[in-house]
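This report concerns only the one structure given below.
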Amino acid sequence: VAFLYAIVFGMTLGVIAALNQNRLGDYLGVFFATIGAAMPSFIIAVFLIIIFSVKLGWFDVLGWEFGNYRKMVIPVVSLGTLPAAYIARITRASMLEVLRQDYIRTARAKGLAEYVVVMRHTIKNALVPILTVAGPIFAFLVTGSFIVERIFSIPGVGRRFVDAVFVRDYGMIMGIVLFYAAIIAVANLVVDILYAAVDPRIRYG
């Protein structure tokens, strides 16, 4: 869920920033990307808990229940904000590069609507750099979630790994490390396959 949040929110923010270069939307996007990249997940979690749980009482702090927004929002935002900020920066840079290409000017000169130019030609051709970082980000979220799991008492794999280290459960440690390695390998394989889907210049024999 944090990965989906990072992809959707980060790409949306990056697209808005690129389409409003040197204007308010761009400044706000760059500001969020800078703040999000500078703050680790446990610091964001503390701020969210104090504001939205302790002060406002909107969300719960402990536990995880899929479909229950009161228990999902704070952990997801805490874990996904740093990747979302990184994706926003990559999306903005990639979009600005594509928007300067000749075929974008040609598409606009042909009278295509701006929505069509952005969705069909710009975003699709800007996806390759985003896919490149999406695989490692997914692996990072799976393997680096133990701090958030610890803060919110979520019985996840990361928390099990930390507990196994403390009690010297070597079988559990080796099993989780192999699981993490498999996640990284599969994520990179999926990214390589998706390259051909978004870029017609890439073909696998």
Side-chain angles (χ1 to χ4, degrees), residues 1-11 14 33 36-49 59-91 93-94 126-199 202-205:
V1 178
F3 177 73
L4 293 177
Y5 159 75
I7 290 291
V8 173
F9 187 64
M11 285 190 62
M39 296 180 65
S41 58
F42 58 89
I43 297 296
I44 296 174
V46 171
F47 278 110
L48 292 177
I49 289 172
F59 307 111
D60 298 331
V61 175
L62 302 179
W64 169 267
E65 183 180 342
F66 187 77
N68 185 352
Y69 77 94
R70 289 184 61 88
K71 294 186 176 182
M72 288 178 60
V73 171
I74 295 182
V76 166
V77 174
S78 301
L79 187 59
T81 296
L82 175 60
Y86 187 58
I87 290 173
R89 295 169 66 182
I90 296 294
T91 303
S94 182
L127 280 177
V128 172
I130 301 169
L131 286 176
T132 302
V133 301
I137 283 176
F138 179 76
F140 162 76
L141 289 175
V142 174
T143 58
S145 60
F146 63 90
I147 296 178
V148 172
E149 291 173 0
R150 199 75 179 177
I151 292 175
F152 296 101
S153 296
I154 299 173
V157 179
R159 186 181 178 188
R160 298 299 181 194
F161 180 78
V162 175
D163 293 339
V165 171
F166 281 118
V167 300
R168 298 183 181 181
D169 187 348
Y170 298 112
M172 177 68 76
I173 294 172
M174 289 188 292
I176 294 177
V177 169
L178 289 175
F179 172 73
Y180 285 166
I183 290 292
I184 294 173
V186 171
N188 289 327
L189 175 63
V190 171
V191 167
D192 288 339
I193 294 173
L194 288 177
Y195 280 152
V198 300
D199 193 340
I202 300 175
R203 288 291 180 268
Y204 298 120

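Numbering of residues begins at 1 and proceeds along the displayed sequence.
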With side chain to side chain contact (heavy atoms under 4.5 Å, CB included) as the criterion, how do F161 and V177 come out once you've worked through the C-alpha distance, each side chain's angles and the decisive distance to 0.1 Å? CA-CA 9 Å; F161 180 78; V177 169; 3.9 Å; yes
Heavy-atom nearest pair, R160 first then M172, reads O-CG, 4.4 Å
Contact check, side chains of Y5 and T81, non-hydrogen atoms, under 4.5 Å: yes
Heavy atoms of other groups near Y86 OH, more than 12 under 6.0 Å: no
Looking only at heavy atoms, what is the nearest atom pair of G80 and P83, with distance? O-CD, 3.4 Å
What pairs with D163 under salt bridge (charged side-chain N to carboxylate O under 4.0 Å, His left out), at least two apart in sequence or on another chain? R150
Can you name the closest pair of heavy atoms from A45 and S78 and give their distance? CA-OG, 3.3 Å
With a cut-off of 3.5 Å and sequence neighbours excluded, list every side-chain donor-acceptor pair involving residues 129-141.
from, atom 1, to, atom 2, distance (Å)
T132, OG1, V128, O, 2.8
T132, OG1, Y195, OH, 2.7

When you measure from the side chain of T91 to the backbone of I87, do you find a donor-acceptor pair of N or O atoms at a distance under 3.5 Å? yes
Measure the spacing between CG of L4 and CD1 of I7 and express it to the nearest 0.5 Å. 8.0 Å
Check side-chain contact (heavy atoms from CB on, under 4.5 Å) between I43 and all other residues, then give those that pass, not counting sequence neighbours. M39, P40, F47
For the CD1 atom of I183 and the CZ atom of F179, what is their distance to the nearest 0.5 Å? 4.0 Å
With a 4.5 Å heavy-atom cut-off, do L79 and P75 have their side chains touching? no
